[in-house]
Amino acid sequence: MTVTSEWTERYAGALMNAFGTPKLVLARGAGAHVWDADGREYVDLLGGIAVNALGHAHPRLVAAVTDQLQTLGHISNFFASAPQITLAERLGALLGADSRVFFTNSGAEANEAAFKLTRRTGRTKIVATTGSFHGRTMGALALTSKAAYREPFEPLPGDVVFVEYGDVAALEAAVDTETAAILLEPIQGEAGVIVPPRDYLPAAQRIAHEHGALLWLDEVQTGVGRTGAWFAHQHPDLVSGQIAPDIVTLAKGLAGGIPIGACIATHGAGKLFDPGNHGTTFGGNPVAAAAALAVLDVIEDDGLLDHATAMGERLRRGLGVDPRVLETRGSGLLVGLTLSEQKTADVVTAAQDAGFLINGATAERIRLAPPLVLTEADVDAFVAAWPLILDQAGLERAGLDGAGTEGVAP
Ligand SMILES: *Cc1c(COP(=O)(O)O)cnc(C)c1O
């Protein structure tokens, strides 16, 4: 019996079966590498699902958290702290807008805060999109389109309408003067890294504002450097021209693995909450805020936006050469691959056997969201192993000619 299988058995006896059997039991990490309980090494190309922006055990993140915990760990929101205030200011500066922030502990909670904020407009209708993912609390789930996630928990909070993602005409038809907000992911991550046309977000902003509605962007997965820009909606490859969303929600990569979320609202939207409208015990605590400040500093100091762009391009180019990759998508280190067969579960297993952690977002779409510190050597090792991984997963080469194409879908 391996150490891993012993832990896996104990897991089943102690934890709720909400996630299925864990694929591995991990013991430690460094940079973009992790080791399992039996000492086997893997290149982590998922990064805790777009969370470990600085990889594992980054010395500056460890130092920031340690120093803050030794100074002041938690205080409640009856009181304020310098890291919390500084982080809110930094996020506003990165957005380039006069903004107000509500800190939470997760992406779902950031979206809950935003959902409540939109109710303060006096309107209740939200226009969201098919394929969307906004989290698992009742409110965030109400905004999430996937039937398998929703149906066991209905009825969910109401007045949410879903329209086809990427379709401007569908937004035009759905948004009216009852609409509080349009809610969009700049790239749909959980759906398998779906990139909308470049004019989609600008059109959504125009349609929202024509009807007095807010534009709310869920950048929980795409924010904080993931796509090669601080925010995906600022990336010229993803969005034509400049837009100024009214609400931006963040979480995942923001504090590099320390739980945090942020609901940032600009213009008048930042002033919709009155004292007592919302609350949280942990949100904005000094340790999480100090961790986030360290993440922002390292991204800036080490040039990780450009590095993410370069490594993402290298991955897409290298992996897309195999004809069994029909399309490569995404931006920076949010990478989507559409495979020729619906075998991502087998591909994920074959990759793990070969020493690489990846994710199957759907039956044919692979997602990679590695640490922004991923090295060229890690990229090249995965690219070299990729054809054999696809062979091992049983994907046929026959009948496929030409290389995969890099494209913007759908
Ligand atoms: C992961 C994710 C969420 C939910 O975040 P949690 O921290 O898991 O609650 C919300 N929106 C998007 C776009 C996400 O990728």
Side-chain angles (χ1 to χ4, degrees), residues 16 18-19 46-53 102-118 126 128-146 149-150 153 156-157 160 162 165-166 181-196 200-201 204 215-227 231-233 235 238 245 247-264 280 282-285 288 291-292 295 329-336 359-362 365-370:
M16 288 193 196
F19 302 101
L46 189 54
I49 319 184
V51 167
N52 299 95
F102 186 94
F103 287 116
T104 67
N105 312 291
S106 67
E109 283 175 82
N111 287 330
E112 287 286 343
F115 196 3
K116 285 182 70 176
L117 194 71
T118 65
I126 304 286
T129 59
T130 54
S132 63
F133 183 82
H134 300 294
R136 303 294 204 121
T137 59
M138 295 299 257
L141 194 55
L143 305 162
T144 294
S145 77
K146 194 169 172 176
Y149 293 171
R150 298 171 61 85
F153 302 101
L156 294 164
V160 183
F162 294 98
Y165 185 67
I182 300 175
L183 166 56
L184 302 170
E185 294 157 84
I187 295 176
Q188 286 188 332
E190 299 297 308
V193 190
I194 307 300
V195 182
Y200 184 53
L201 295 186
L215 177 65
W216 164 11
L217 298 182
D218 179 345
E219 293 233 30
V220 166
Q221 188 155 165
T222 54
V224 200
R226 173 61 41 195
T227 65
F231 301 106
H233 76 264
H235 200 309
L238 298 172
I247 303 175
V248 175
T249 42
L250 298 177
K252 291 203 162 84
L254 178 55
I258 301 298
I260 193 170
C263 168
I264 313 171
T280 169
F282 293 109
N285 90 73
V295 168
R329 290 183 305 277
S331 178
L333 281 173
L334 185 56
V335 177
N359 172 248
T362 71
R365 293 182 195 138
I366 294 287
R367 171 179 49 172
L368 309 177

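For ligands, and for the atoms within them, numbers begin at 1 and follow the listed sequence.
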Review point. Side chains of Q188 and T129: do they bring a donor and an acceptor to under 3.5 Å?
Key: yes
How are the rings of Y200 and Y165 set to each other: parallel, tilted or perpendicular (split at 30° and 60°)?
perpendicular
A student checking ligand 1 against G135 at a 4.0 Å heavy-atom cut-off should list atoms 4 (C), 10 (C)
Sequence neighbours excluded, the answer for side-chain contact (heavy atoms from CB on, under 4.5 Å) partners of A291 is L61, V65, A255, I258
Atom 15 (O) of ligand 1 protein-contacted, heavy-atom criterion under 4.0 angstrom
yes
Quick note on ligand 1: atoms under 4.0 Å from a heavy atom of S106 include exactly 7 (O), 9 (O)
Exercise. Parallel, tilted or perpendicular for Y149 and F133, by the 30°/60° rule?
Worked result: perpendicular
Worksheet item: Are any side-chain N or O atoms of R226 and backbone N or O atoms of L334, one a donor and one an acceptor, separated by less than 3.5 Å?
Response: no
Closest to atom 1 (C) of ligand 1 by heavy-atom distance, out of K252, E112, Q221, is K252
- [ ] Using distance alone, decide if ligand 1 has a nitrogen or oxygen within less than 3.5 Å of any nitrogen or oxygen in F133.
- [x] yes
Ranked by distance from atom 9 (O) of ligand 1, the top protein heavy atom is A108 N, 2.8 Å
the protein heavy atom lying closest to atom 7 (O) of ligand 1 turns out to be G107 N, 2.8 Å
For residues 185-196, the salt bridge (Lys or Arg N to Asp or Glu O under 4.0 Å) pairs (sequence neighbours left out) are E190-R367
Ligand 1 to H134, heavy atom cutoff 4.0 Å, flagged ligand atoms 10 (C), 11 (N)
Closest non-hydrogen atoms of L215 and A204, given as atom of the first, atom of the second and distance, are CD1-CB, 4.0 Å
Taking only non-hydrogen atoms of N111 and a 4.0 Å limit, the atoms of ligand 1 in range are 10 (C), 11 (N)
Residue, atom and distance of the protein heavy atom nearest atom 11 (N) of ligand 1 read D218 OD2, 2.7 Å
